[in-house]
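We number each residue from 1, following the sequence as shown.
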Amino acid sequence: MPEVSLISIQVGLPKQLGEVAAVDPMERPWTTGFFKEPITGPVHVGRTHLTGDGQADLTVHGGPDKAVLAYAAEHYPVWQADLEIEHLGYGAFGENFTIAGQSEETVAIGDTYALGPVRLQVSQPRQPCWKLARRWRRPDLPGRVQKTGWGGWYFRVLTEGVVEAGLPVVLLERPYPQWTILAANDIIYRRNRDPQAIADLANCPLLSMEWRSFLSRFGDDPDT
């Protein structure tokens with residue numbers, strides 16, 4: 001197994017961008033907490049967010065089940081070459097933690113990790129939204145992220161504390177190895193339509209309540 005470590009931490013508070021009179025839809029007003037900047041030194045990880053971090057729309061972002069967003073460092077060289085964006089540094093996908101040695105193929109729902117004194121548990125995949133497109137002025141980017149399954153994953157915080165870049169990410173428990181982030185994405189994006197698999201994921205007790213509720217209604221409407 002490759003060594004897993006936290007190589008960069010990013011935070012950022014919501015801000016307003018754009019111009020009211022802009023002709024280009026990409027330049028019109030919007031409020032976002034997507035812009036995350038790397039920080040050095042220790043930072044406190046609380047139950048719902050990192051110190052200095054925030055989200056603009058708390059109806060769909062943040063909260064106990066989405067306290068920390070993680071992203072795989074290994075994806076960056078691929079995106080850099082594919083998107084040809086000059087400054088695609090850590091935090092470009094809105095993540096708080098950039099982690100080396102992990103990906104959506106290896107991280108599973110319910111995984112519990114130690115980062116120094118902090119204990120984190122994987123709660124759900126991250127589904128890219130329109131703000132990713134606005135951030136990089138690439139309307140096709142959310143769809144491309146969905147296709148690869150490289151959206152990242154969320155942690156809930158079991159034990160609060162202080163972390164800093166460079167800490168090892170130590171797996172303590174893996175109760176649901178079958179439910180990798182990639183496998184869960186295959187369900188939510190309808191690449192896997194097996195009713196039993198959908199039901200099994202919906203009943204996973206460590207999956208976020210938001211996803212469990214959504215998946216419980218999956219069978220009601222085939223176009224959900």
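- Judged purely by atom type and a 3.5 angstrom limit, Thr32 uses its side chain to pair as donor or acceptor with the backbone of Phe34.
- Between Tyr113 and Gln102, the side chains place a donor N or O and an acceptor N or O closer than 3.5 Å (distance only, hydrogens not considered).
- Distance alone, capped at 3.5 Å, places no donor-acceptor pair between the Arg190 side chain and the Asp186 backbone.
- Judged by the 6.0 Å and 45° rule, Arg126 forms no cation-pi pair with Trp153.
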Practice problem: Quick one: do Arg144 and Thr148 satisfy side chain to side chain donor-acceptor pair (under 3.5 Å)? Show the steps, please. | Solution: CA-CA 6 Å; Arg144 294 170 75 167; Thr148 61; over 6 Å; no
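- With sequence neighbours left out, Asp194 forms a salt bridge (charged side-chain N to carboxylate O under 4.0 Å, His left out) with no residue at all.
- Under the 30°/60° scheme for interplanar angles, the aromatic rings of Trp150 and Trp79 are found to stand perpendicular.
- Arg135 contributes no side-chain N or O that, together with a main-chain N or O of Gly94, makes up a donor-acceptor pair within less than 3.5 Å.
- By the 6.0 Å contact criterion, CD on Glu105 is open, its count of non-hydrogen atoms from other residues, nucleotides or ligands being 12 or less.
- Glu95 places a side-chain N or O within donor-acceptor distance of the main-chain N or O of Gly91, the cut-off being under 3.5 Å.
- In this structure a side-chain-to-backbone donor-acceptor pair under 3.5 Å is present from Ser216 to Ser213.
- Minimum heavy-atom separation, Leu132 to Val145: CD2-CG2, 3.8 Å.
- Side-chain N or O atoms of Asn96 include one that pairs as donor or acceptor with a backbone N or O of Gln10 at under 3.5 Å.
- Tyr76 places a side-chain N or O within 3.5 Å of a backbone atom of Ala92 that can act as its donor or acceptor partner.
- Taking each heavy atom of Ile85 and Arg138 in turn, the nearest pair found is CG1-NH1, 4.1 Å.
- When every heavy atom of Pro125 is checked against every heavy atom of Ile181, the shortest pair comes out as CB-CG2, 3.8 Å.
- No donor-acceptor distance shorter than 3.5 angstrom exists from the side chain of Arg119 to the backbone of Thr112, with no hydrogens or angles considered.
- Using cut-offs of 30° and 60° for the angle between ring planes, the Tyr71 and Phe93 rings count as parallel.
- The two atoms that bring Phe155 and Ala70 nearest to each other are CE1-CB, 3.6 Å, heavy atoms only.
- In terms of modelled atom types and a separation under 3.5 Å, the side chain of Arg174 and the main chain of Asp111 share no donor-acceptor contact.
- Between the side chains of His75 and Glu104, at least one donor-acceptor pair of N or O atoms lies under 3.5 Å.
- Proximity of a side-chain donor or acceptor of Asp82 to a complementary backbone N or O of Val78 within less than 3.5 Å is not detected.
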